[in-house]
S.K.: 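Please read through the structure below; I'll follow up with questions.
First the proteins, then the strands, lettered A, B, ... as listed; each starts at 1. We use all heavy atoms of the structure for the numbers below, so side chains are in, but hydrogens, waters and symmetry mates are not. Here the structure is a predicted model, which is why all the values come from computation and not from measurement.
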Amino acid sequence: MFVQLKKELNPQQYAAVTHKNGPILVLAGAGSGKTKAITYRIAYLIHHQKVDPKTILGVTFTNKAAGEMRQRVAALIGPKAKEVTLCTFHSLGLKILREHGHHLGYRRNFTIYGEGDQLSLLRTLIREHPKKRDKFDAGILLSRISGYKNKCVDGKSEFPLYGDKYDDILPEVYDRFQSALRAYQAVDFDDLILLPIRLLDEFPDVRRFYHETYQHLLVDEYQDTNHGQYRLITLLASAHRNICVVGDDDQSIYGWRGAEVRNILNFEKDYPDAKVIKLEQNYRSTQVILDAANHVIKNNNKRQDKRLWTDRGRGKNIDAFLARDENDEAKTIAWRLQTIKERASARWSDFAVLYRSNVQSRALESTFRVNKIPYIVVGGYEFFDRKEVKDIIAYLKVVQNPRDDLSLLRILNYPRRGIGDSAIVRLHEEAHKRDLCVYDLLKEAQNDHELSKQAQEGLRSFLLLIEELRKQRHAGDLSQLVRSTIEKTGYREEIERTIDDAITAQMKIDTVEELVSAASSFSEQEEAGTLASFLDSLSLNDDTFQNGGKKIRPDDAVLLATLHSAKGLEFPYVFMCGMEEDLLPHSRSLNEGGGIDEERRLCYVGITRARRHLTMSLVQERNKFGRKAKRIPSRFLKEIPEDLLCKQYSHSPNFFDRQIIKSANDDK
DNA sequence: TAGTTGAAAGTTTTT
DNA sequence: CTTTCAACTA
Ligand SMILES: Nc1ncnc2c1ncn2[C@@H]1O[C@H](COP(=O)(O)OP(=O)(O)OP(=O)(O)O)[C@@H](O)[C@H]1O
């Protein structure tokens with residue numbers, strides 16, 4: 001590979017890849033080969049500089065982008081890639097916390113709370129609060145708690161005031177929230193960044209350990225880092241200063257969760273000796289696509305000046321079509337996709353359909369399904385948000401960490417064990433008063449005569465069940481454990497008992513079964529197929545579960561993804577759907593964070609994913625809560641010059657051969 | 001304590 | 001349209 005380095009890289013990339021130690025900044029536009037520079041640099045360090053792969057750390061914000069890095073490094077250096085740490089900030093934080101969290105009082109088996117867990121914890125706190133009549137919204141509280149937490153990275157600070165009813169209760173709820181997490185041995189996503197910062201900051205030994213361990217840091221999509229992640233990286237780099245960051249201010253799309261572009265813009269101030277590199281040639285897209293992207297993004301102010309050119313030829317115009325509703329849109333996409341595929345003899349995986357919001361995947365999925373177009377959905381809700389799955393996972397979480405009161409209380413009386421609300425409230429309060437975790441309290445409460453006979457019996461069988469599963473945890477394999485959990489809890493019977501509709505009941509049973517397959521395919525592809533790693537992967541939304549619980553993952557499939565999770569990827573053929581006002585730009589985004597500019601960047605990201613051809617679509621009306629709502633074209637569509645577009649607004653897509661493209665509704 | 005009923009509310013992006 | 005939650009009844 002060394003021989004070809006000079007051939008495969010342009011001079012600027014070559015400079016970035018082969019630069020000796022010290023800070024490097026690559027600030028450049030979409031498709032200019034930033035990720036290529038990072039991955040080649042990793043390969044170069046290993047092959048040329050004889051750097052031990054284990055001492056290289058590459059991080060980025062999203063799972064998808066981390067996976068892309070991993071894949072591209074593996075393509076370059078083969079199996080050695082496994083020794084390089086390539087992950088998201090959060091999984092790096094998790095690693096640090098599992099290895100050294102004991103300094104801060106965390107056991108190795110601590111639990112990760114996702115947003116759902118955070119919200120349900122907050123809801124119980126609100127329920128117990130004396131002022132609960134005020135109808136506090138858990139979501140608002142959560143965003144303020146998270147904001148405050150992150151603000152405290154640089155030391156304790158005042159609670160910010162918003163001038164509403166939440167101001168009064170925030171400090172108290174915050175304290176209770178934090179102590180609950182501690183008591184439960186649980187950490188939330190913020191903690192996965194903030195606690196490692198404390199470890200590195202306050203414990204010189206830990207800091208020294210990681211300075212030794214990771215001697216070369218590389219950060220992709222650096223514009224997406226928030227202050228905590230910036231601090232984390234800065235601490236990790238402080239000894240050797242071998243830090244290479246790449247990014248593009250025009251692709252900053254996470255302002256709404258605290259990402260700060262100034263992290264990348266200030267890099268030269270942080271590291272005055274930084275080698276700064278600009279890349280100006282786009283190797284990805286045709287002229288038409290690049291022009292469209294540039295015309296859209298130039299409507300933003302406050303941009304870093306960047307040049308971008310391509311020699312890949314003009315290419316075909318961008319198609320833009322109007323459909324009647326989202327099902328028509330999906331059908332037309334299916335039809336066009338198949339047409340392009342045949343004409344260009346492309347593979348399914350050469351296509352991506354991108355959208356602003358996860359709900360948009362629904363119509364696409366059902367249409368693709370009936371038309372036998374293989375697809376993979378990135379992220380989205382679906383599987384792991386279903387009640388059945390969350391219940392079983394709560395059991396597994398308790399098995400792993402019995403101090404997790406929140407998960408325990410969720411399942412203590414599901415399936416029904418005769419333990420009612422009053423008993424649960426009593427147990428919870430008692431545990432809180434005596435500074436015990438509920439699990440330990442249960443051991444005595446099973447003989448507490450103030451509880452009903454029924455409840456006592458229920459507690460006994462619950463404890464027995466958990467103990468049994470805990471024993472099994474180390475013995476058998478993971479999928480066996482999940483299966484036992486389902487069987488021993490009598491979950492299937494509970495579903496059959498409580499749900500009258502046989503079809504719904506069967507669906508739920510199937511869902512639970514799918515979780516077993518998810519577990520078994522997990523232990524097949526992970527060498528450490530333990531319960532702990534399974535729960536971690538679930539919490540971090542790991543790529544392993546891309547297709548929910550389904551075991552069969554087509555290896556050649558169309559990608560369905562949000563604009564956010566498509567960043568960093570590229571496809572010969574891209575569809576952007578829902579090009580409508582209130583969706584892109586999204587109506588809810590206009591007041592917050594980056595506002596319209598961030599939405600425009602999102603559009604820019606979408607356009608620049610395409611290599612050869614881009615199709616945009618919009619609909620006349622969209623179903624919203626069972627009502628039809630009229631839609632108007634996105635302003636971004638109008639920012640693209642007419643001569644780059646090929647508009648097909650006139651005829652209904654129903655026009656297209658109905659025999660070829662089935663509608664999702666008329667499949668029976 | 002368990003189960004039913006009816007009203008109300010939700011409509012963004014990720015870890 | 002869906003899900004969630006409070007109030008009610010058995
Ligand atoms: N010097 C080069 N010669 C040929 N092709 C290149 C070169 N550099 C990059 N490419 C190709 O251009 C495409 C885009 O590269 P890459 O994904 O690294 O860009 P990027 O700057 O990271 O993009 P983005 O900002 O959108 O994530 C890839 O297909 C890559 O292989």
S.K.: Starting at CZ of A:Arg356 and ending at P of B:dT11, how long is that distance when rounded to a whole Å?
M.R.: 14 Å
S.K.: Have A:Ser143 and A:Ser146 got a donor and an acceptor in their side chains that come within less than 3.5 Å?
M.R.: no
S.K.: With the six-membered base ring of B:dT13 as reference, does the ring of A:Tyr254 sit under 5.5 Å away with planes under 30° apart?
M.R.: no
S.K.: Will you find, in the side chains of A:Tyr222 and A:Gln229, an N or O donor that is under 3.5 Å from an N or O acceptor?
M.R.: no
S.K.: In whole angstrom, give the distance that lies between atom CZ of A:Arg601 and atom C1' of B:dT13.
M.R.: 13 Å
S.K.: Between B:dT13, B:dT11, C:dC5, spot the one nearest the side chain of A:Arg123, thanks.
M.R.: C:dC5
S.K.: Which residue lies toward the 5' end of DNA chain B, A:Ser91 or A:Arg588, if each is placed at its nearest nucleotide?
M.R.: A:Arg588
S.K.: Do A:His227 and A:Asn150 have side chains that approach each other closer than 4.5 Å (heavy atoms only, starting at C-beta)?
M.R.: no
S.K.: As a test of reading the structure: which of B:dT15, B:dT11, B:dT14 is closest to the side chain of A:Lys624, going by heavy atoms?
M.R.: B:dT11
S.K.: Show me, range against range, the stems involving DNA chain B, built from at least 3 consecutive Watson-Crick or G-U pairs below 3.5 Å.
M.R.: B:1-10 with C:1-10
S.K.: Atom CG of A:Asp385 to atom P of B:dT14: distance rounded to whole Å?
M.R.: 12 Å
S.K.: Holding to salt bridge (charged side-chain N to carboxylate O under 4.0 Å, His left out), I want the full list of residues that pass it with A:Arg198, two or more places apart in sequence or in another chain.
M.R.: A:Glu202
S.K.: Rounded to whole angstrom units, what separation is found between the CG atom of A:Asn150 and the C1' atom of B:dT15?
M.R.: 12 Å
S.K.: Donor-acceptor check, side chain of A:Arg609 to backbone of A:Leu569, threshold 3.5 angstrom: yes or no?
M.R.: yes
S.K.: Mind checking if A:Asn623 touches a base, just sugar-phosphate, or nothing, with heavy atoms under 4.0 Å?
M.R.: nothing
S.K.: Would you say A:Thr562 reaches B:dT14's phosphate, i.e. side-chain N/O to OP1/OP2 under 4.0 Å?
M.R.: yes
S.K.: Between A:Arg622 and A:Arg631, is there a donor-acceptor pair closer than 3.5 Å when you use the side chain of the first and the backbone of the second?
M.R.: no
S.K.: Given B:dT12, B:dG10, B:dT15, which nucleotide is nearest the side-chain atoms of A:Phe61?
M.R.: B:dT15
S.K.: Could you tell me whether the side chain of A:Asp404 and the main chain of A:Ala186 form a donor-acceptor pair under 3.5 Å?
M.R.: no
S.K.: May I ask you to decide whether A:Arg601 forms a salt bridge with A:Asp249, counting only side-chain N to carboxylate O separations under 4.0 Å?
M.R.: no
S.K.: Provide, to the nearest angstrom, the distance between the CG atom belonging to A:Asn541 and the P atom belonging to B:dT13.
M.R.: 12 Å
S.K.: Polar atom pairs between nucleotides 1-3 of chain B and protein, under 3.5 Å, N or O only, would you list them?
M.R.:
from  : atom 1 : to       : atom 2 : distance (Å)
B:dT1 : OP1    : A:Gly420 : N      : 3.4
B:dT1 : OP1    : A:Ser422 : OG     : 3.2
B:dT1 : OP2    : A:Ser422 : OG     : 2.3
B:dA2 : OP2    : A:Asn413 : ND2    : 3.3
B:dG3 : OP1    : A:Arg497 : NH1    : 2.9
B:dG3 : OP2    : A:Arg416 : NH1    : 3.1

S.K.: Does the structure show A:Phe189 stacking with B:dT15, if we require the centres to be closer than 5.5 Å and the planes to be within less than 30 degrees of parallel?
M.R.: yes
S.K.: Rounded to whole Å, how long is the line connecting atom OH of A:Tyr355 with atom P of B:dT12?
M.R.: 15 Å
S.K.: Between B:dT12 atom C1' and A:Ile596 atom CD1, what is the distance in whole Å?
M.R.: 14 Å
S.K.: Which is true for A:Phe89 with a 4.0 Å heavy-atom rule: it touches a base, it touches only sugar-phosphate, or it touches nothing?
M.R.: nothing
S.K.: Which part of the nucleic acid, if any, lies within reach of A:Glu115 when heavy atoms closer than 4.0 Å are counted: base, sugar-phosphate only, or nothing?
M.R.: base
S.K.: Counting heavy atoms from C-beta on, name the nucleotide in B:dG10, B:dT15, B:dT13 closest to the side chain of A:Asn358.
M.R.: B:dT13
S.K.: Look only at the side chain of A:Asp220 and the backbone of A:Thr60, and say whether a donor-acceptor pair between them is shorter than 3.5 Å.
M.R.: no
S.K.: May I have the distance from A:Leu142 (atom CG) to B:dT15 (atom P), rounded to whole angstrom?
M.R.: 17 Å
S.K.: Below 30° counts as parallel, above 60° as perpendicular, anything between as tilted: where do the rings of A:Phe110 and A:Tyr106 land?
M.R.: perpendicular
